[in-house]
Each structure stands twice: as structure tokens, then as C-alpha cells.
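Counting starts at 1 for both ligands and their atoms, following the listed order.
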Amino acid sequence: MSKKTVRDIDLKDKKVLVRCDFNVPMDENQNITDNRRIVAALPTIKYLLEQNCKITLCSHLGRPKGEFKKEFSLVPVAKELSKLLNKEIIMAKDVIGEDAVSKANNLKNGEILLLENLRFHREETDNDPEFSKKLSNYGEIFVNDAFGTAHRAHASTEGVTHYLPAVSGFLIEKELKFLDEALQNPERPFMAILGGSKVSDKIGVIESLINKVDAILIGGGMAYTFLKALGYNVGNSLCEDDKINLAMELMEKAKEKGVKFMLPVDNKIAKEFKADAESKIVPSAEIPDGWQGLDIGPETVKLYAEELKNAKTIVWNGPLGVFELEKFAIGTNEIAKVLGDIDAVKIIGGGDSASAVEKAGVAEKMTHISTGGGASLEFLEGKKLPGIEALLDN
Ligand code: AMP
């Protein structure tokens, strides 16, 4: 790893500020519905406890847009963390206010304080230097373990590193290890499955992966811009007309590089974007006017499954259909199951694809499921992540 981790710095008895990604989903009663991001933070926190540190944790949750809102409080996270660690978590009522500062000043070695939601202050996302400086007062050393926000230059990910020596935690180390190994030294054939709604969001990742993979398998809404570029009628399917030329260029580039570029050969189409919409399966060349493609069809699943069976490394980002609606989740679900049965390095790029493998019951069979959808996508695009760039070099 090119950046220093908690292992590379003396942390014994130190006061440490840790940026975690506790941005967990909750129901309307603030019950955490998926605690994976909290669980993923435990190895670093446990290590800091072993080092007898005074630990101040911070995170954002949702988008409270710069003001206190009870539904975005981190109190439920403190409770969950306390349960998982079997240890008291001291909860601050604010971030840089009197309560947090006084609790931090009274913190003893081996104790854990959790600050309130960083995004109760607009200065967090503005990467405000004054706010960063105040955060830095909570530590002698800064540990970033929030992979999910590493692609954002915010006060708690980048700003604070101007005032404190900064190292990564074990989660960021693990994320980088898997993503980097897949990109730098993949066992071949190396294949990427890319889905999601828009081509425009995935241009960067497609361009970057064309230089690295042996095959790209496309699904989801973005498939229709490519199909239209090839002259197919796509009816009312999601299609970015202003990206058709670009879609063509990407396919030509793939051809030049000898990268197999696969598009759906059939689709589940519907007249409306609705859970109970009338639907049918048609070949890609036969999408009628007035209908829209909402999932890949069974022939496509078969074709993709055959291709994927040969892969030794697979990266998957984005659902292959409107997987939130049961009727159009079949393609995504089937491909998740296919991955479950394949013996290869399988990396899931967070977000929707992570939920899909979870739902399909094959999460355990994946090599790595990233905790950061956006961050992993930017990493795959070959972009530098500001929260990681800012850490001390090894
Ligand atoms: P993204 O955020 O770009 O990864 O896109 C994820 C979203 O794409 C999900 O909410 C899916 O419902 C949506 N999606 C996937 N396939 C389609 C499709 N064929 N038509 C419309 N939306 C889709």
C-alpha cells in the first residue's frame, strides 16, 4: 500500500480522530436496517482500543444540508456500535460545540466518543479550513477509514489532513488492496459487468476499463443508448440521445482494443415504469414503440452466464434492470447467482450491486463487496480519491 496505515505510526496512548462511514440506512423510526458499514469499521476501532487510544469517531449520515435534524442524528449508530463492541460509546450532542469539546477533553484512554453528524454543518461539505481545524483539535493523529466518502474532499476527509498526520484504517486498506489488485494485476480473463441508469455516469469507467479488461457486459438502462447507436428501435427505454455518438465511439474503441463488448440480446419490456406493469420478453431488435426495456431477458442472462464462466476476475457495478421492482429484478438476481457459482476473484462495486448480491443470498461467495459505490466507481475510473491522496505516503 502506497499510503501509511494505522500499523505504520505509533498510536500508543494517543488521542486519535477517526473518520468512519456510518452512513447506514434507517427506517422511519430510526432503526438501522443494515449495519454492515458499522461492522466494517470495527477492526480499526478495536485496534485503536488495543493501542489504548482516546478515540473520537466522526461520520456523516444522509443529507441534513447543514442543519440539525433529529432524523439524521448518529444516536442510533452509537447504540449499535455499543452493542457490537459491548462497550459504552459516549455520544456528543454536537460536532464542534460545547458538549463535544467538553466530552473530548474529559475522554480517558480506552474510551470512545462519537461526534454528531458532521453534515449538521455546511462547512463539512464546503471543506472549510476553520471547521477542519476545529475537528483536528480532537486528535494528535487522524485516521481515515471512510472509504465511502474518500472520493469527496470534505473537511473530515481532506481538510483535516492539513493539520494532523493522517493514515488510513484497515477498511480503506482492504478496499484499496482488492480494487487495486484487480486493476493492476488481474488474473485473466478479466470481465466487467456494468449496469445502472445512465451512460453519462459510466463513461469514465468504461473508458478506463476498455484498457484493462477482456470483456465488458452491459445491462440496465444504459444498454439502450448503445442499442440505439447500433440502429435498434428502443421505444420509450431510457436513452441519452446526446450520448449516442459517444456510445458508438466507446464500442469502436473496445473493438480496436480487442475487448468483447456485449449488449443485451433480449429484454423484459413494459408499457409503464410500474411494479405491476404489463410486460413481455422481446429480442433487442423488436422493442415496439410505446414500450420500454426494464430488465435484461433470459437469453441475455444465459449468454452472459456462459461468458462469465470463463472469467478469472470480475468487477460488477450497477444493476442490470430496475431491480427495486420485483418483476424487473430477475436479470440482476440471476447474474448475482451466476457469480455465486463462479470460481473467480469477484469484486462488487458497492451500492445497488452490493444489495443485489445480498438479496440473492450470495454475498458470502464474493471476494470483496465495496462499502463505497461512488468511491469504488471513481477508483475504477482511475481517478485519484482526495481522501486517500491526502494520507501520508508510505
Ligand atoms: P446508477 O445509479 O446509475 O447505478 O443506476 C441505478 C438505477 O438504475 C437503479 O435505480 C435502477 O432501477 C435503474 N435502472 C436499471 N436498469 C434500468 C432500466 N432498464 N430502465 C430504467 N432504469 C433502470
With heavy atoms and a 4.0 Å threshold, my read on which part of D352 contacts ligand 1 is side chain
If you scan protein heavy atoms around atom 14 (N) of ligand 1, the nearest is G321 O, 3.9 Å
re atom 21 (C) of ligand 1, the protein heavy-atom contact at minimum distance is V322 CG2, 3.7 Å
Do the charged groups of E130 and K133 touch, with an N to O distance under 4.0 Å?
-> no
Problem set entry | D266 (side chain) donor-acceptor with E299 (main chain) under 3.5 angstrom | yes
- Message: Can you confirm, on distance only, whether ligand 1 has an N/O atom lying under 3.5 Å from any N/O atom belonging to G293?
- Response: yes
For residues 347-363, the side-chain hydrogen bond (donor to acceptor under 3.5 Å, both in side chains) pairs (sequence neighbours left out) are R36-E358
Let me have the donor-acceptor pairs involving side chains of residues 38-54, under 3.5 Å, with sequence neighbours excluded, atom names and distances please.
unit_1	atom_1	unit_2	atom_2	d
T44	OG1	D145	OD2	2.6
T44	OG1	F170	N	2.8
N52	ND2	D13	OD1	2.8

Checking heavy-atom distances from atom 18 (C) of ligand 1 to each of G221, G331, C239, the winner is G221
Under 4.0 Å from one or more heavy atoms of L294, ligand 1 contributes atoms 19 (N), 20 (N)
In this structure, atom 4 (O) of ligand 1 is nearest to the protein heavy atom K202 NZ, 3.3 Å
- What's the verdict on side chain to side chain contact (heavy atoms under 4.5 Å, CB included) for V282 and W291, showing C-alpha distance, side-chain angles and the deciding distance? CA-CA 11 Å; V282 296; W291 290 70; over 6 Å; no
Min over Q292, E324, K198, M222 of heavy-atom distance to atom 12 (O) of ligand 1 lands on E324
min-distance protein heavy atom vs atom 5 (O) of ligand 1 -> S197 N, 3.0 Å
Q: Give a yes or no on whether a salt bridge exists between E173 and R7, defined as a side-chain N under 4.0 angstrom from a carboxylate O.
A: yes
>> Quick one about E175 and T371 (side-chain donor to acceptor, distance below 3.5 Å, no hydrogens or angles considered), yes or no?
In response: yes
So the atoms of ligand 1 within less than 4.0 Å of a heavy atom of G196 turn out to be 1 (P), 3 (O), 4 (O), 5 (O), 6 (C), 8 (O)
